[in-house]
Every structure is written in C-alpha cells, then in structure tokens.
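Every number for a ligand or one of its atoms is a count from 1 in the order of the listing. The figures that follow rest on heavy atoms only: side chains count, while hydrogens, waters and symmetry mates do not.
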Amino acid sequence: MRNLRDTYKTKGQRRRMVMEIEKLGFHDQKVLEALNKVPRHYFFEKAFEEHAYENKPFPIGEDQTISQPSTVAFQTSLLNIKPGDRVLEIGTGSGYQASILAELQAEVHTVEVRKSLAEKASHLLEVMGYANVKCYVGDGTLPFNSLAPFDSILVTAAAPSITNTLVNQLNNRNGKLVIPVGDLTQQVMTRITYCNGELKKEEFGKYAFVPLVGKEGWSIN
Ligand code: SAH
C-alpha cells in the first residue's frame with residue numbers, strides 16, 4: 001500500500017529536504033525545483049513513508065534501493081537536461097529518478113532488469129501522469145538499437161567499466177553518459193561527453209551504488 005496524497009506536511013518535509021541539499025552546496029535551481037515537485041513518499045511503502053524526506057537511500061525490495069536524493073540531484077545536473085532531450089536511464093528501480101528527468105521535460109526511456117520493480121515503477125509513473133516516461137523490462141547493458149542515439153544515458157547502478165555498447169548509443173553531438181564506475185563497494189561518478197567528435201572524460205566524487213548486473217555488468221544475482 002502506498003499513500004498517494006501530498007499534504008501540507010509532506011510538502012513541508014520536501015521543502016526542507018531540498019533546502020538541506022542546497023546547503024550541501026548544490027545550486028542547480030531547475031533540478032532543485034524538480035525535486036521540490038515530486039512527492040518522494042509516493043515511491044515508498046506507506047509503512048516507511050516517514051523516511052521519504054531524509055537525504056538517504058532506502059530499500060525498495062529485491063535488495064535494491066531508491067538513490068539518495070542528493071545523488072539523484074547530482075547525477076541529473078551532470079546531464080544538463082534540455083526539454084525534449086531523449087534520455088535513457090538504466091536502473092529504473094523505484095522510478096523516482098525517472099520522474100525527476102520527466103519533470104525536466106525530457107523524453108525518458110527507463111529500463112529495469114527486475115520485472116517486479118519495473119512493473120511497480122511503471123504503474124506508479126503512469127498513475128502520476130508522466131506521459132513522457134516509457135518503462136522497459138530488460139538488461140540495459142545490451143544495446144537499445146531501436147531508440148538510440150540518446151542525448152543522455154544515465155546509469156543508476158555500479159558499473160564495472162564504461163562499455164562501447166553504452167558510448168555507441170550516444171548522440172555524437174554533445175551526447176552525455178553519466179555512470180558510477182568502480183568495484184562493488186565504491187565507484188567514481190564519471191561523465192563521458194561527445195565534444196567536437198571526441199570523447200571527453202570527467203570524474204567526480206565517490207559513491208556506493210547497488211551493482212549493475214547483466215551481460216556487461218557484474219555476474220552476480
Ligand atoms: N534509479 C533508481 C535507483 C535504482 S537502484 C531510483 O530512482 O529508484 C539500481 C537499479 O538498477 C536496481 O533496481 C537494479 O535492479 C537495476 N539494474 C541493475 N542492473 C541492471 C541492468 N543491467 N539493466 C537494468 N537495470 C538494472
């Protein structure tokens with residue numbers, strides 16, 4: 001059961017969460033606005049909704065987690081989304097990150113390997129009215145040829161490496177891949193950008209994501 005009512009209380013809690021993220025030094029106003037719009041507690045079971053506005057990751061079942069709000073904010077801002085951008089998210093999870101991308105008016109395609117999570121997220125995003133999000137069940141490490149190229153690809157699980165499969169699906173005019181790369185305990189947030197026909201690589205802080213599995217991910221369950 002979920003509580004799909006956004007009250008003064010939850011709106012207030014959300015504003016405080018956004019202010020907390022701003023105080024951490026994050027100033028992308030468009031992304032902060034999107035975070036302020038989306039009721040994060042919709043993505044939690046009712047029993048846990050009191051945790052929805054803490055700046056923390058939280059279990060969503062199947063040993064997976066909804067990402068920490070400040071991480072969602074940071075990954076989103078690295079993509080510099082413009083309205084109409086075609087974005088591929090790998091790792092739908094709860095669907096929260098997809099809703100933030102949708103608030104920025106992107107055309108969002110999100111893929112989740114665990115069917116039960118994909119179905120839950122897809123249902124919720126539909127109920128919330130996001131017509132610009134499409135959900136898929138499958139292994140996002142495989143090429144998505146029918147939809148490529150993408151203006152942005154966002155990986156929300158820990159990747160062992162940056163694969164050609166992902167880079168080859170980027171729009172070669174300024175396409176961006178944001179991906180946490182490392183081992184199973186710690187990853188470096190990495191951005192690959194197509195710049196005048198060349199690939200530019202930038203590295204940001206350290207994070208801890210759940211593993212990216214699948215053909216070109218970690219071979220664990
Ligand atoms: N973006 C999510 C956080 C997801 S956690 C949110 O906002 O809630 C990472 C998710 O990636 C998990 O749900 C996991 O099942 C999924 N995942 C792992 N490997 C994957 C793969 N190869 N393809 C698609 N999804 C994958």
Inset, instruction - Give the numbers and elements of all ligand 1 atoms closer than 4.0 Å to a heavy atom of Thr141. - result: 22 (N)
Inset, instruction - Using modelled atom types only, decide if a donor and an acceptor are shared between the side chain of Tyr42 and the backbone of Arg2 within a distance under 3.5 Å. - result: no
Inset, instruction - Could you tell me whether ligand 1 has any atom less than 4.0 Å away from a heavy atom of Glu89? - result: yes
Legend entry - Candidate with minimal heavy-atom separation from atom 17 (N) of ligand 1, of Thr110, Thr156, Val113: Val113
Inset, instruction - For ligand 1, indicate whether the residue Glu112 contacts it via side chain, backbone, both or neither (heavy-atom separation under 4.0 Å). - result: both
Inset, instruction - Please report which non-hydrogen protein atom sits nearest to atom 11 (O) of ligand 1, along with the residue it belongs to and the distance in Å to one decimal place. - result: Gly91 CA, 3.2 Å
Inset, instruction - Please verify whether a non-hydrogen atom of Gly217 lies at under 4.0 Å from ligand 1. - result: no
Inset, instruction - Classify the side-chain pair Thr165/Glu216 by whether it contains a donor and acceptor separated by less than 3.5 Å. - result: yes
Inset, instruction - List every atom of ligand 1 that sits less than 4.0 Å from any heavy atom of Arg114, numbering the atoms from 1 in the order shown and giving each element. - result: 14 (C), 15 (O)
Inset, instruction - State, to 0.1 Å, how close Leu35 and Ala73 come at their nearest heavy-atom pair, and which atoms those are. - result: CD2-CB, 4.2 Å
Legend entry - Glu62 and Ser116: side chain donor to acceptor below 3.5 Å: yes
Legend entry - Enumerated ligand 1 atoms positioned under 4.0 Å from heavy atoms of Gly140: 21 (C), 22 (N), 23 (N), 24 (C)
Inset, instruction - State, to 0.1 Å, how close Ala121 and Ser94 come at their nearest heavy-atom pair, and which atoms those are. - result: CB-O, 3.5 Å
Legend entry - Mode of Ile60 contact toward ligand 1 - side chain, backbone, both, neither (heavy atoms, under 4.0 Å): neither
Legend entry - Which of the ligand 1 atoms, numbered from 1, are nearer than 4.0 Å to a heavy atom of Asp139: 21 (C), 22 (N), 23 (N)
Legend entry - Proximal atoms of ligand 1 relative to Gln97 (non-hydrogen, under 4.0 Å): 1 (N), 7 (O)
Inset, instruction - Any atoms of ligand 1 less than 4.0 Å from a non-hydrogen atom of Val210? List them with their elements. - result: 5 (S), 9 (C)
Legend entry - Proximity flag Thr92 to ligand 1, non-hydrogen atoms under 4.0 Å: yes
Legend entry - Close side-chain approach of Asn132 to Glu107, heavy-atom, < 4.5 Å: no
Inset, instruction - Of the side chain and backbone of Val213, name the one, both, or neither that has a heavy atom under 4.0 Å from an atom of ligand 1. - result: both
Legend entry - Interfacing atoms of ligand 1 (cut-off 4.0 Å, heavy-atom, Ile66): 8 (O)
Inset, instruction - Report, as yes or no, whether the 6.0 Å neighbourhood of atom NZ on Lys9 holds more than 12 heavy atoms from other residues, nucleotides or ligands. - result: no
Inset, instruction - Look at the aromatic rings of Tyr136 and Phe144 and report parallel, tilted or perpendicular, splitting at 30° and 60°. - result: perpendicular
Legend entry - Proximity flag Gly138 to ligand 1, non-hydrogen atoms under 4.0 Å: yes
Inset, instruction - Among all protein heavy atoms, pick out the one at the shortest distance from atom 8 (O) of ligand 1; state its residue, atom name and that distance to 0.1 Å. - result: Ser94 OG, 2.6 Å
Inset, instruction - Measure the distances from the heavy atoms of Pro211 to every atom of ligand 1 and state whether one is below 4.0 angstrom. - result: yes
Legend entry - Side-chain ion pair, Arg16 and Glu20, N-O less than 4.0 Å: no
Legend entry - Enumerated ligand 1 atoms positioned under 4.0 Å from heavy atoms of Leu117: 13 (O)
Inset, instruction - Please round to the nearest 0.5 Å and tell me the distance separating atom OG1 of Thr7 and atom NE2 of His41. - result: 6.0 Å
Legend entry - Contact summary for Leu212 and Ala159, nearest pair of heavy atoms: CD2-CB, 3.9 Å
Legend entry - From OG1 (Thr10) to CD (Glu49), nearest 0.5 Å: 8.0 Å
Inset, instruction - Starting from atom 3 (C) of ligand 1, find the nearest protein heavy-atom neighbour and note its residue, name and distance. - result: Thr65 O, 3.4 Å
Legend entry - Nearest protein heavy atom with distance in Å, relative to atom 12 (C) of ligand 1: Gln64 OE1, 3.3 Å
Legend entry - Atom NE2 of His123 with >12 non-hydrogen neighbours under 6.0 angstrom: no
